[in-house]
Amino acid sequence: MTAPGTRAGAPAEDSDDLDVEEALALVREDKDDDHGNQGQVPAPAPDAHGERHRAIPWPQAREIAARAARARVRPAPVTVPLADALGLALAAPLNALTDLPSFDTSAMDGWAVAGPGPWDVRDEGVLAGHAQPEPLTDGEAVRIATGARIPADTTAVLRSEHGRVDAQGRLHATREMAHGQDIRPRAQECRSGDQLLPLGTVVTPAVLGLAAAAGYDTVTAVPRPRAEVLVLGDELLTEGLPYDGLIRDALGPMLPPWLRALGAEVVAVRRIGDDAEALHRAVTGSEADLIVTTGGTAGGPVDHVHPILERIGAELLVDGVKVRPGHPMLLARTKDNQHLVGLPGNPLAAVSGLLTLAEPLLRTLAAHPAPEPYTLPLREAVQGHPYDTRLIPVVLRGDLAVPLHYNGPAMLRGIAAADALAVVPPGGARQGEEAELIDLPWAAAGIGVCFT
């Protein structure tokens with residue numbers, strides 16, 4: 001392991017997993033690919049100290065991003081209609097506004113019966129949504145629908161499949177019936193005022209259903225953090241095939257939905273090109289909680305992110321991370337309640353930066369809990385960087401993580417088929433070794449495409 005701040009460029013002396021030539025080749029590959037604006041801008045020369053960034057370890061970078069969000073002033077809670085609350089965190093406990101159920105109801109279609117059978121059956125049944133029916137007398141039954149109000153003095157509900165009506169119109173039970181059977185008594189689930197869910201609960205579809213059942217039209221929630229995307233690079237096309245040194249912009253279409261999947265409200269996507277003054281105006285004029293830039297984080301002639309951050313007096317919290325791909329990512333505090341995440345220009349390197357810095361920042365701003373870490377064994381060995389963490393796209397097959405082969409900094413073919421990213425420590429991982437996994441937001445969709 002090299003000393004903090006040492007620039008990548010020589011193999012680690014204590015690595016047993018890579019020989020010298022393999023290590024040098026991997027470092028050269030990352031130098032060539034990580035710094036480009038989606039593959040076009042070459043890496044800048046190191047500074048006089050042999051450093052390009054004050055890179056820090058990958059776990060520390062993620063913690064700094066989360067801590068930066070915790071340090072800011074919390075936004076005021078918002079009142080949100082249920083239809084708009086999915087994915088938000090509750091800013092107040094969800095307390096029942098009524099008993100659930102609010103009256104005795106039938107849990108089944110059948111008959112409400114009083115006393116021992118057989119029973120005389122009333123002509124008119126009881127349906128859900130109707131007013132309180134007339135009380136029953138012993139020996140009497142009435143047809144009842146699921147969810148309908150139970151008549152007073154009902155002994156039990158006899159399910160439709162457990163009763164028969166004889167030729168004289170009398171109802172008989174075909175199996176033994178217990179007192180109170182298939183009746184949902186008032187307040188069985190909760191009483192008015194009971195706490196149903198604590199503050200901080202993330203609103204899922206089931207939470208929406210519970211809130212509606214408990215009488216809510218709106219909930220009090222932590223607002224979504226607002227994000228603005230600034231796409232940099234004169235070489236980027238928004239349509240058609242690449243030509244004459246121009247390439248298609250992959251990050252403009254990819255980042256906004258990915259940020260939404262991470263819980264952000266994307267307020268704008270702006271294409272800035274390589275115009276330093278336009279970038280300065282965009283950064284200083286933004287009211288978003290998070291500004292995300294693509295490319296321009298290295299030290300080349302059109303890499304304007306660092307100079308502009310210095311010009312506006314931003315506080316640089318992370319300036320390079322010991323991770324591949326994505327080494328030249330950065331995190332800065334631009335205002336008291338605003339941060340900027342600078343992503344490398346190459347697509348997979350940008351994904352690495354997004355999940356390393358933007359994800360913990362947005363998660364903490366939205367008051368979401370950190371996901372529980374988990375590991376799976378790797379189906380095959382993964383070559384490691386000499387002293388940096390590597391993030392490798394994988395698919396999950398049973399109890400194994402299968403590394404995908406298209407995992408270069410400029411490649412999206414692997415991540416497009418992936419379920420997760422495997423965190424590979426410096427030096428690599430052996431076949432069967434447990435690797436920490438970072439789930440992708442859409443992994444639950446069950447897309448079974450695999451390019452290995």
Side-chain angles (χ1 to χ4, degrees), residues 26 29-30 32-40 58 227 229 231-233 235-242 246-264 266 269 271 292-295 323-327 329 341 343-359 362 371 374 376 378-380 382-383 385 389-398 400-424 429 435-452:
L26 187 54
E29 174 190 336
D30 285 334
D32 290 341
D33 287 342
D34 252 11
H35 295 78
N37 274 355
Q38 304 191 37
Q40 298 302 300
W58 179 77
V229 179
V231 181
L232 313 183
E235 77 280 11
L236 302 178
L237 296 168
T238 58
E239 59 183 11
L241 295 173
L246 303 177
I247 61 170
R248 279 296 297 271
D249 169 28
L251 299 182
M254 179 173 70
L255 291 181
W258 204 318
L259 288 165
R260 293 186 190 102
L262 294 176
V266 179
V269 179
R271 299 183 183 278
V292 177
T293 62
T294 68
V323 66
R324 305 291 169 155
H327 177 269
M329 65 182 75
V341 167
L343 303 178
N346 271 318
L348 190 57
V351 168
S352 173
L354 191 70
L355 295 178
T356 300
L357 297 177
E359 186 277 332
L362 289 171
Y374 75 103
L376 282 179
L378 295 167
R379 195 173 76 176
E380 60 190 64
V382 176
Q383 188 179 44
H385 190 275
T389 299
R390 288 191 76 195
L391 301 181
I392 302 294
V394 296
V395 291
L396 308 183
R397 295 292 180 263
L400 294 174
V402 183
L404 298 173
H405 293 174
Y406 295 98
N407 55 34
M411 296 180 178
L412 285 175
R413 187 171 173 181
I415 194 70
D419 299 314
L421 288 177
V423 180
V424 178
E436 180 184 349
L437 298 180
I438 303 173
D439 281 331
L440 301 177
W442 50 86
I447 301 171
V449 180
C450 180
F451 299 106
T452 56

Report task. Determine, stepwise, if the pair Ile415 / Leu440 fulfils side chain to side chain contact (heavy atoms under 4.5 Å, CB included). Result -> CA-CA 9 Å; Ile415 194 70; Leu440 301 177; 3.8 Å; yes
Query raised in the report: Which heavy atom of His385 sits nearest a heavy atom of Arg390, and at what distance?
Result: N-CD, 3.5 Å
Report task. Quick one: closest heavy-atom pair of Met254 and Val351, and the distance? Result -> CE-CG2, 3.7 Å
Requested in this report: To the nearest 0.5 Å, tell me how far Arg260 CZ sits from Leu255 CG.
Outcome: 11.0 Å
Query raised in the report: Side chain of Thr389, backbone of Val323: donor and acceptor closer than 3.5 Å?
Result: no
Query raised in the report: Would Leu343 and Thr293 count as a side chain to side chain contact (heavy atoms under 4.5 Å, CB included) if you check the C-alpha gap in whole Å, the side-chain angles of each, and the deciding distance to 0.1 Å?
Result: CA-CA 6 Å; Leu343 303 178; Thr293 62; 5.9 Å; no
Report summary line: Between Val231 and Gly252, the two heavy atoms sitting closest are CG2-CA, 4.1 Å
Query - Minimum heavy-atom distance Asn407-Pro393, with the two atoms named - result: CB-CD, 3.6 Å
Query - Approximate separation, where rounding is to 0.5 Å, of Ile247 CD1 and Leu241 CG - result: 13.5 Å
Report task. Mind checking side-chain contact (heavy atoms from CB on, under 4.5 Å) for Ala401 and listing every partner two or more places apart, or none if nothing turns up? Result -> Leu376, Leu378, Val394, Leu396, Leu437
Report task. Find out whether Leu355 and Trp258 are in side-chain contact, i.e. whether some heavy atom of one side chain is under 4.5 Å from a heavy atom of the other. Result -> yes
Query raised in the report: Met411: what forms a side-chain contact (heavy atoms from CB on, under 4.5 Å) with it, not counting sequence neighbours?
Result: Tyr406
Query raised in the report: What distance separates Thr294 OG1 from Leu232 CG, expressed to the nearest 0.5 Å?
Result: 4.5 Å
Query raised in the report: Out of curiosity, Leu348 CG to Leu412 CG, how far, rounded to the nearest 0.5 Å?
Result: 6.5 Å
Query raised in the report: How many angstroms lie between atom CG of Leu404 and atom CD1 of Ile392, to the nearest 0.5 angstrom?
Result: 9.5 Å
Query raised in the report: Closest heavy-atom contact between Pro403 and Val382?
Result: CG-CG2, 3.6 Å
Query raised in the report: What are the two closest non-hydrogen atoms of Ala350 and Pro344, and how far apart are they?
Result: CB-O, 3.4 Å
Query raised in the report: Residues in side-chain hydrogen bond (donor to acceptor under 3.5 Å, both in side chains) with Ser352, at least two apart?
Result: none
Query raised in the report: Arg271: what forms a salt bridge (Lys or Arg N to Asp or Glu O under 4.0 Å) with it, not counting sequence neighbours?
Result: Asp249
Report summary line: Separation between CG (Leu354) and CG (Leu259), nearest 0.5 Å, reads 5.5 Å
